[in-house]
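Here the structure comes first, spelled out in structure tokens, and everything after it is commentary.
Both counts, for ligands and for their atoms, begin at 1 and track the order of listing. The figures here come from the full heavy-atom set of this structure, side chains too, leaving out hydrogens, waters and symmetry mates.
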Amino acid sequence: MRLEGIHHITAITADARRNLDFYTRVLGLRLVKKTVNQDDPTAYHLFYADERGSPGADLTFFEYPGMERGRPGAGMVHRIVWRVASHDALAFWEGRLRREGIAATREDDRLRFGDPEGLGLELRVSETGDEPLVAMHPEIPEAVALQGFDGVRAYSADPGRSRRFLEETLGFAPAGAAGFEARGARRGSVYAYDLIARPGTIGAGAVHHVAWASRPEDHPAWRTRVIQGGGRPTPIIDRFYFRSIYFREPSGVLFEIATIGPGFAIDEPAERLGERLSLPPAFEHLRVELERALTPLPSPRAGGDAAVRRS
Ligand code: ZN
């Protein structure tokens, strides 16, 4: 039983319109689901990913309009790392970000920058043979596009206290200094720590949790294993697009284990993903009220997929 790397990463935005513009127009991801936070349906839950909405490429945001900026500290993820194919891709992104007025730092095989609310982002030249998870964008050639997550970096006051849980319970393998790899049969991701003891604050531009991907048939057993490892998972929660458990790892970072599937095509056709507000059946009766309350958002693919693919 192995986790298949990262399933999705969830962060917070105070400004869904700017967030949507940055992740779809600038970074070239596809909005694959526009839905609500199932624990607070008055807030958006936006999912950006590759063309198919694959686990391993989903970055999701809850929108809380006007929320103050967060500051990452101990027990929080502070950087999201994506794969790109080559140094040429890094050069492409360096130029594209510069033209957008976004400061970026190039360091050998990586490029670091922040999103409009200060969320730490990094592109890294991929060394894996994992399938690239790419979205189509008229200005971004496939050869330089983001290819899904390489991993995340978290802050901890004492990363050593997580080692046993990560290795023995979750099956992560040591990888470099204060780093681990969660690798399954098809895909892997890196989870690494940087030392910081000060506490952080959750808010706009902060990561809320990171979810690891489980085969659906293994999911109940993962919950049992987390309990045996000393974790305190929630019951299995049906999120409609996948099933989830949540718990904190010993350094305090909120983890989720989510099933690969059913996926985002369960309630809209694959070619129309993200175009309308998707509400799981339990929330459909709130549609009129929610459509009135949620920030109106443009559809990034208005004009149709054919126009997008013409690149
Ligand atoms: Zn989640």
With respect to the Zn ion (ligand 1), what is the nearest N, O or S atom of [X]?
| X | answer |
| --- | --- |
| His209 | NE2 |
| His8 | NE2 |
| Glu256 | OE1 |

Answer yes or no: is there a donor N or O on one side and an acceptor on the other, between the side chain of [X] and the main chain of [Y], under 3.5 Å?
| X | Y | result |
| --- | --- | --- |
| Asp50 | Ser54 | yes |
| Arg112 | Gly120 | no |
| His7 | Thr259 | yes |

Suppose we only count N/O/S atoms under 2.8 Å; would His208 qualify as near the Zn ion (ligand 1)?
no
Spacing of OH belonging to Tyr48 relative to NZ belonging to Lys34, to within rounding of 0.5 Å:
10.0 Å
